[in-house]
Amino acid sequence: MLRNKDKASSSSMHLDYTKSDYCLCLAIHAPRKGIIEVWQMRTGQRLLTIPCPKGSRILQPSTRFSSSAFSSYTPLEVYLFNGDSGQLSVLNRHIG
């Protein structure tokens with residue numbers, strides 16, 4: 001998740017993010033509740049709750065699927081797979 005949301009929401013598409021622009025987060029999938037909770041690792045506060053359908057799975061590959069030419073640092077992406085519909089979405093984009 002980006003620390004400075006003003007920098008993330010600026011109109012310029014050519015931004016160079018560094019590792020210090022991101023904060024470490026933990027995503028917890030609670031299938032019985034039908035949600036994903038996102039917690040900030042250092043402070044322990046909950047940042048976001050994302051509703052998800054039953055049959056969903058969180059996937060994080062060990063390597064990158066694509067490389068970004070616009071960014072100097074890109075964290076590994078976390079994917080949400082909906083097992084019922086087969087839809088695959090990037091969880092990091094929902095957070096940032």
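Heads up: numbering here begins at 1 and tracks the sequence.
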Asks: Which pairs count as salt bridge (charged side-chain N to carboxylate O under 4.0 Å, His left out) when at least one residue sits in residues 22-36, sequence neighbours excluded?
Replies: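 The answer is none; no pair qualifies.
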Asks: When hydrophobic residues are tied together by side-chain contacts of less than 4.5 Å, even through go-betweens, does Leu48 share a cluster with Val78?
Replies: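 Both belong to a single hydrophobic cluster.
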Asks: Mind checking side chain to side chain contact (heavy atoms under 4.5 Å, CB included) for Ile28 and listing every partner two or more places apart, or none if nothing turns up?
Replies: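 By the side chain to side chain contact (heavy atoms under 4.5 Å, CB included) rule, Ile28 matches Leu26, Trp39.
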Asks: Under the rule for side chain to side chain donor-acceptor pair (under 3.5 Å), what residues qualify as partners of Arg57, not counting sequence neighbours?
Replies: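 With sequence neighbours excluded, Arg57 shows a side chain to side chain donor-acceptor pair (under 3.5 Å) to no residue whatsoever.
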Asks: Taking side chain to side chain contact (heavy atoms under 4.5 Å, CB included) as the definition, give me every residue that meets it alongside Pro31, ordered by chain and number, with sequence neighbours left out.
Replies: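 Side chain to side chain contact (heavy atoms under 4.5 Å, CB included) check on Pro31 returns His29.
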Asks: For the CG atom of Leu80 and the CD1 atom of Ile58, what is their distance to the nearest 0.5 Å?
Replies: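 Taking CG in Leu80 and CD1 in Ile58, the distance rounds to 7.0 Å.
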Asks: Of the non-hydrogen atoms in Cys25 and Leu47, which two are nearest, and what is the gap between them?
Replies: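 Minimum heavy-atom separation between Cys25 and Leu47: SG-CD1, 3.8 Å.
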Asks: Roughly how far, to the nearest 0.5 Å, is the CZ atom of Arg46 from the CD atom of Gln40?
Replies: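 Taking CD in Gln40 and CZ in Arg46, the distance rounds to 14.0 Å.
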